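Below is one structure; the comments refer to it alone.
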Protein chains: 2
Amino acid sequence: MNFSISEEDYIKAIYHLKGDKLSVATNDLAAELHTRPASVTDMLKKLAAKKLIHYQPYKGVMLNTEGRKIALGIVRRHRLWEYFLAEKLNFSWNEVHEVAEQLEHISSKKLIEKLDEYLGYPKFDPHGDPIPDHLGRMQATDHLPLTELPLDTPAVVNGVSDQSPEMLELLRRRNIAIGTVLEVKKKFGFDHSMEIKIKDTPVFIITEQLAQNIFVQYES
Amino acid sequence: MNFSISEEDYIKAIYHLKGDKLSVATNDLAAELHTRPASVTDMLKKLAAKKLIHYQPYKGVMLNTEGRKIALGIVRRHRLWEYFLAEKLNFSWNEVHEVAEQLEHISSKKLIEKLDEYLGYPKFDPHGDPIPDHLGRMQATDHLPLTELPLDTPAVVNGVSDQSPEMLELLRRRNIAIGTVLEVKKKFGFDHSMEIKIKDTPVFIITEQLAQNIFVQYES
DNA sequence: TTAATATTTTAGACAAACCTAAAAAAAGTT
DNA sequence: AACTTTTTTTAGGTTTGTCTAAAATATTAA
């Protein structure tokens, strides 16, 4: 089976919005895809007819096994291309997402397998997100939000949840990237902002909002 | 200006079918694009409205300066991707075309410039066709059809005009590739087939039809 | 130069993916 | 529980790119 770009965009959006919720709301999909709720309903009916989702009117939507398989394929293509763009073409990590959005829709199986081989079967993309292998399996990651890291405990940045150019720009300015080792020196109760220390550089302050979107793991 | 995949396919087809003819016929476009003449007429009106072609009803179509610029951009993307697939991902030259048909529609200017740089600014794709540079300029090639090569004169294969998998398969079987040195030993008047000799291998026969689609240059 | 044939265009439809406005259902509030 | 607000769906349109069938134009042949 082959899917249109729109169908793939919906499947991917359902996959991403699902998280650990029970199901995804029509309105949330509309917001994510910059479209209208009525359009989402139309497409959900189509995807249900193709047996890729479990959909009951007014009750939200979730992927079924087949849909999840498709979603993982799209995610795999997206993240492999991101890796290619960053690693081979020297795109900076805040530029890769947009181009990968287009490349991910190219469906040649052979292309993706050859690309994967060429890249050396990478396990993570430039944002720290795991890349599904050709069977849809991916490395488990323990993503601790920076907000929950105890004080004075060195940890390694291993992911960011939001990939908007604005946020990635902000991280770049603070010299925070995947692999950066940092620790939290102080938390301010008033606005929940926190003081961050990166080795050999002066401390600086980040907002709670930013901290929530940075994931770390303890140094091993 | 940004163009749809369909629009780009039409522009590319007009570019390729034009050759040294005065204009391109509606029927020929329909055949090339696997669509119907009526659909072609519709699209020609649209492209004319966008000022990319010169089109007069019943009189055929040609690209104007702007259209030719767009076409060269598409050809550039196509051939760069072909080069990438063959050179980096180890696709064989008869597999690259189909995938490049999809990749060529990804429009990021930055992607193509970075790719070009990464590949080392190649001048020819795996089929021997010249790759336009970022200004649309390409290396002049003297493409002598094999049918016009004099007897017993060594020459280098520098291109093929038809890129159907069938033909490329045939060439592969005959060990003919870009760069192969060969000479014509004999021409048979009856069916215009010809006897070909590649150094250190036995002579073999090829049809006139195949010979017309193989281009060579004299050894330098 | 008229008739036959081939090519091209027009007219009217259709599917995919979107839209707005209104109706229906669910959730939240008093 | 009844009312209000929010969410979601339905109904009916629009645009893009396609189609078939019929009409118009151009080309070829007698």
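Everything numeric here is computed off the predicted structure, so don't read it as measured data. Proteins come first, then strands; the chains are lettered A, B, ... in the order of their sequence lines, and each starts at number 1.
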Kindly point out which of [options] is positioned nearest to the side chain of [X]?
{"X": "A:Asn27", "options": "D:dT8, C:dC19, C:dA26", "value": "D:dT8"}
{"X": "A:Thr41", "options": "C:dT9, D:dT10, C:dC19", "value": "D:dT10"}
{"X": "B:Ala38", "options": "C:dC18, C:dA26, D:dC19", "value": "D:dC19"}
{"X": "A:Asp42", "options": "D:dT10, D:dT18, C:dC18", "value": "C:dC18"}
{"X": "B:Tyr58", "options": "C:dC19, D:dA24, D:dT9", "value": "D:dA24"}
{"X": "B:Tyr10", "options": "D:dT18, C:dT10, D:dT10", "value": "D:dT18"}

Tell me whether the rings of A:Trp81 and B:Phe84 are parallel (<30°), tilted (30 to 60°) or perpendicular (>60°). tilted
When the distance from CE of A:Met43 to C1' of C:dA16 is rounded to whole Å, what number comes out? 8 Å
What is the separation between atom CG on B:Leu33 and atom P on C:dT8, rounded to the nearest whole Å? 14 Å
Carboxylate-amine/guanidinium proximity below 4.0 Å for A:Glu82 and A:Arg79: no
Give a yes or no on whether a salt bridge exists between B:Glu98 and A:Lys110, defined as a side-chain N under 4.0 angstrom from a carboxylate O. no
With A:Glu104, the side chain to side chain donor-acceptor pair (under 3.5 Å) member among A:Lys12, A:Arg77, A:Arg76: A:Lys12
Counting the atoms with a prime plus P, OP1 and OP2 as sugar-phosphate, which does A:Ser39 contact under 4.0 Å by heavy atoms, base, sugar-phosphate, or nothing? base
5′-ward residue of the pair A:Ser4/A:Pro57 relative to DNA chain C: A:Ser4
